[in-house]
> 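To start, I am sharing the structure in question, which I have written as structure tokens.
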Amino acid sequence: MNEIPRGTLQEQTFYEQVGGEETFRRLVRRFYQGVAEDPLLRPMYPEEDLGPAEERFTLFLMQYWGGPTTYSEHRGHPRLRMRHAPFQVDAAAHDAWLKHMRVALDELGLAQEHEAQLWKYLTYAAASMINTAG
């Protein structure tokens with residue numbers, strides 16, 4: 001029996017396993033389609049064009065899940081709570097955010113294990129952004 005030398009097989013990152021950049025772009029594009037029509041969330045985006053926010057979020061998620069480090073190269077450390085501090089994020093905003101993310105995630109049609117892993121992270125991240133009672 002031939003032994004495979006250590007280090008010759010490289011495991012794929014989650015980013016690669018789910019389809020790379022295209023998958024994350026689809027997820028975030030669909031998410032922002034929901035945000036654009038949401039009366040609670042839309043005012044949290046001061047830019048008229050959601051494109052820059054969409055790009056930042058896409059780059060962040062790609063980097064977080066093992067893709068290119070473009071986000072940090074352009075924006076530095078994510079500092080998610082600090083970047084969201086100027087906005088009042090309450091339970092209603094949390095729920096609205098997750099509602100749009102759930103639709104976007106469901107439309108990707110990922111394998112169940114990948115969908116569950118991504119959803120676990122997204123629900124944790126959403127909960128950690130709450131900074132206002134209500």
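For this chain, numbers begin at 1 and follow the sequence in order. This is a predicted model, so every value here is computed, not measured.
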> Go through the steps to decide whether Leu50 and Arg42 satisfy the test side chain to side chain contact (heavy atoms under 4.5 Å, CB included), and finish with yes or no.
CA-CA 9 Å; Leu50 289 174; Arg42 183 60 182 98; 3.6 Å; yes
> According to the interplanar angle, ranging from 0 to 90°, do the rings of Phe24 and Tyr15 count as parallel (below 30°), tilted (30 to 60°) or perpendicular (above 60°)?
parallel
> Is there side-chain contact between Arg102 and Leu122, with at least one heavy-atom pair below 4.5 Å?
no
> Under the criterion side-chain contact (heavy atoms from CB on, under 4.5 Å), which of His94, Met101, Lys99 is the partner of Trp97?
Met101
> Evaluate the ring planes of Phe60 and Phe57, with Trp represented by its six-membered ring, and classify them as parallel (under 30°), tilted (30 to 60°) or perpendicular (over 60°).
parallel
> Are any of the side-chain heavy atoms of Leu118 and Leu27 separated by less than 4.5 Å?
yes
> Report yes if the side chains of Arg29 and Glu54 come closer than 4.5 Å at any heavy-atom pair, otherwise no.
yes
> Taking the ring of Tyr64 and the ring of Phe14, is the distance between their centroids below 6.0 Å?
no
> Take a 6.0 Å sphere around CD of Glu47 and say whether it holds more than 12 heavy atoms from other residues, nucleotides or ligands.
yes
> Using a 3.5 Å distance criterion without hydrogens, assess whether the side chain of Glu16 forms a donor-acceptor pair with backbone atoms of Thr13.
yes
> Working to the nearest 0.5 angstrom, can you tell me the gap between Leu61 CG and Tyr71 OH?
10.0 Å
> Would you say Gln17's side chain and His114's backbone share a donor-acceptor pair under 3.5 angstrom?
no
> What distance separates Arg26 CZ from Leu108 CG, expressed to the nearest 0.5 Å?
5.0 Å
> For residues Met129 and Leu40: do they belong to one hydrophobic cluster (side chain heavy atoms under 4.5 Å, members Ile, Leu, Val, Met, Phe, Trp, Tyr)?
no
> Walk me through it: do Ser72 and Gln63 pass the test side chain to side chain donor-acceptor pair (under 3.5 Å)?
CA-CA 8 Å; Ser72 288; Gln63 176 175 308; 2.6 Å; yes
> With His100, which residues qualify under ring pair (Phe, Tyr, Trp, His ring centres under 6.0 Å), at least two apart?
none
> Just how far is it from atom CG of Leu41 to atom OH of Tyr32, taken to the nearest 0.5 Å?
9.5 Å
> Quick check against the 3.5 Å criterion: does Thr23 have a side-chain atom that pairs as donor or acceptor with the backbone of Val18?
yes
> Salt bridge or not for Glu55 and Arg25, using N-O below 4.0 Å?
yes
> Is there a path of hydrophobic side-chain contacts, each under 4.5 Å between heavy atoms of I, L, V, M, F, W or Y residues, that connects Val103 with Leu110?
no
> Between Asp90 and Thr132, is there a donor-acceptor pair closer than 3.5 Å when you use the side chain of the first and the backbone of the second?
no
